[in-house]
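Taking it in order: structure first as structure tokens, then the write-up.
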Amino acid sequence: MKNKDSSLSVLIKGIITENPVFVLVLGTCPTLAVTNTVIGAISMGLAATLVLICSNSVISLLRKVIPDTVRIPCYILIIASFVTVVQMLMHAYLPEFYELLGIYLALITVNCIILGRAEMYASKHSVGKSALDGLGMGLGFTLALFAMSFIREVFGSASFAGIAIPFLETYKIAFLTQAPGGFFVFGLIIAIINAISHGRAVKRKSFSCEGCPSAASCSGGCSSVGKAEEVAE
Amino acid sequence: MTKSFKSIIVLTVACLIMAFALGAVNLLTEDTIAQNETERANLAKRQVRPGAEEFKAVNIEKYEFPETVEEFYTDDIGGFVAVLLTSGYQSGLKIMCGIDSEEKVTGAVCLASNETLGKEKAYGSNLLGKNLTDIDTVDTVGGATMTTAAYRGAVKDALGAVSIYLGGSYDARSEEEKLLDAALPSADGRFTEWFVIEKIEGVERVFTADNGSGYVLYSDGKYVGADNSGNALSDTDIDVATAVSTVKGASLTEINIPEGAGVAPSVVGAYRSGSGNLVLDLEGSGYGKSGGKHASGKPISIKLCIDKLGEIVSVKTISQYETQGIGSECDKYSFYSQLFGKTKENYREIDAISSATVTTDGYLDAVGDGFAAHEIMKGESAL
């Protein structure tokens with residue numbers, strides 16, 4: 001099997017082929033919550049990217065020191081600490097964005113993307129590659145949030161990044177700025193991606209056990225479901 | 001055992017390192033965060049105190065401020081800001097009010113509320129420039145009387161707090177409330193006006209204490225307290241015992257409004273008192289109901305009592321949605337008390353509300369319908 005683990009491929013896969021939002025379908029909560037404005041979406045994306053890079057780097061650095069039995073508590077400790085640092089820095093130096101993100105900034109701690117990449121990649125690769133993976137995933141997350149927010153703000157609020165678009169004012173679809181509209185746009189984009197890739201977008205079942213944080217204590221129920229799906233295909 | 005020991009050590013060390021790191025970042029950022037929070041709070045205060053830049057908190061424990069005052073600040077141009085918490089229709093009505101050095105309101109905004117209609121959001125602008133002596137003249141908003149009365153009361157408390165801070169005194173009660181309290185101190189300041197359905201010689205208005213401790217009778221500009229046994233608490237010419245027993249024994253029975261007999265649709269309820277007086281619920285068509293696209297569409301609700309001889313015993317405005325400051329005067333005692341003692345021949349001979357012809361006419365038309373109904377329903381008995 002060809003080794004695709006070059007630095008560039010590590011960076012790019014998080015943006016396109018393994019996009020955390022539209023392909024891996026992770027981090028749905030902030031995706032729906034903060035994407036009714038472009039500014040909110042980009043702020044969330046960049047904050048999550050910073051946490052991803054830092055947590056992936058530190059976890060990779062300590063991967064040979066952290067015992068397997070306590071790896072999850074350690075990862076969560078590291079991730080939560082970085083999220084708190086980002087929170088404090090934003091509160092001090094970017095208070096408008098801090099207010100805009102509200103509770104969802106703290107919720108980055110429990111974002112599946114962060115813990116998922118720590119478990120699946122950072123704990124098995126070098127610091128450099130882990131940092132690149134964090135950057136790629138973070139940029140992919142940011143791109144996905146931007147795509148969602150672009151549709152929702154332009155067509156839902158007739159504005160872009162807070163700047164009004166007068167000729168769209170009469171045609172705006174207010175439903176898009178609300179929760180059901182968010183789900184609708186989310187589903188629509190995933191459908192478009194699947195159509196373009198002819199269904200070749202990486203399916204989540206490939207990561208069912210290997211990347212699952214609960215794998216150590218699980219009886220393997222998820223993996224049997226995954227195998228059943230593979231057989232069905 | 002070694003494995004567990006290693007896990008404990010690793011976790012403990014990780015916690016310690018992260019705690020130190022977070023502590024370091026906190027040290028770095030805490031002053032900036034505190035500055036940002038102060039600036040954010042000051043931005044809100046500048047809304048109600050234009051021209052002021054800095055604000056300094058006052059320790060409210062040192063002063064006997066009204067209960068509604070939660071926070072109190074002085075500013076750098078001799079004014080004040082108060083944050084008040086009161087209850088309108090629901091609890092949790094939070095207001096910020098700015099007052100200048102002349103003890104006049106410079107701004108009032110609603111910070112938080114659970115009220116249903118949202119009329120409190122714009123009410124603050126009605127209070128600009130008011131001081132303690134004239135704030136009670138600001139009308140409440142029809143349909144949101146409790147909310148806007150509470151709002152006005154809270155801003156009045158803010159003015160009172162400023163007066164106390166500057167070494168003065170403050171009594172939140174209106175003139176009438178002070179007189180009622182003086183007449184019946186045992187009522188603890190809580191009174192309800194009783195709608196007069198039986199004529200009481202020499203008495204124009206009756207107030208009952210909410211705690212049942214007695215009554216206050218109003219006659220010829222004087223308030224006279226009475227206990228439940230009918231004993232007057234001060235010198236008076238009123239037959240207090242008879243008055244109290246009349247109030248206690250008064251009752252209403254609902255009667256039928258005959259259909260097809262020509263009773264106007266403005267008559268929406270009819271009752272008969274023990275002595276045979278007719279009490280009617282009326283809906284007058286003032287500006288609110290008929291005044292075009294900006295009107296609320298709602299009537300003036302009036303309660304009217306006519307005795308067997310066709311003379312008005314009492315009348316009261318229950319609710320109105322007329323133009324604030326103009327037609328809304330119809331809910332003042334000074335307006336509707338002009339109708340006491342009138343008959344169908346002379347009920348229109350009262351001073352109209354200035355610049356509110358539609359309101360006055362609508363009110364009097366409803367009263368006229370009441371007289372007409374009185375003629376038709378003379379023989380009607382209980383349902």
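Letters A, B, ... are given to chains in the order of the sequence lines, protein chains preceding strands, and every chain is numbered from 1.
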How close do A/Tyr93 and B/Leu28 get, heavy atom to heavy atom, and via which atoms?
OH-O, 3.9 Å
Going through the distances and angles, do B/Leu22 and A/Met88 end up as a side chain to side chain contact (heavy atoms under 4.5 Å, CB included)?
CA-CA 9 Å; B/Leu22 287 172; A/Met88 285 196 275; 4.0 Å; yes
Counting heavy-atom pairs under 4.5 Å with chain B, which one of A/Leu77, A/Val85, A/Leu62 comes out on top?
A/Leu77
Ignoring hydrogens and geometry, is there a side-chain-to-backbone donor-acceptor pair from B/Asn36 to A/His91 under 3.5 Å?
yes
Taking every heavy atom of A/Cys74 against every heavy atom of B/Leu11, the minimum-distance pair comes out as SG-CD2, 3.8 Å
Would you say that more than 12 heavy atoms from the other residues, nucleotides or ligands in this model lie under 6.0 Å from the CZ of A/Phe184, or not?
no
What part of B/Asn26 gets within 4.5 angstrom of chain A, counting heavy atoms only: side chain, backbone, both, or neither?
both
So for atom CD1, which belongs to A/Ile103, do other residues, nucleotides or ligands contribute more than 12 heavy atoms lying within a distance under 6.0 Å?
no
What do you reckon, is NZ of B/Lys104 surrounded by more than 12 foreign heavy atoms closer than 6.0 Å?
no
Can you establish whether the number of heavy atoms outside A/Phe183 located under 6.0 Å from its atom CZ is more than 12?
no
Working to the nearest 0.5 angstrom, can you tell me the gap between A/Met90 CE and B/Ile33 CD1?
12.0 Å
Non-hydrogen atoms of chain A under 4.5 Å away: do they reach the side chain of B/Glu37, the backbone, both or neither?
side chain
At their closest point, which heavy atom of A/Val70 faces which heavy atom of B/Ser7, and how far apart are they?
CG1-CB, 3.6 Å
Chain A contact via B/Ala21 - side chain, backbone, both or neither, heavy atoms under 4.5 Å
neither
Within the supplied structure, the quantity of interest is the number of heavy atoms (other residues, nucleotides, ligands) at a distance under 6.0 Å from A/Phe155 CZ; does it exceed 12?
no
CD (B/Glu67) with more than 12 external heavy atoms under 6.0 Å:
no
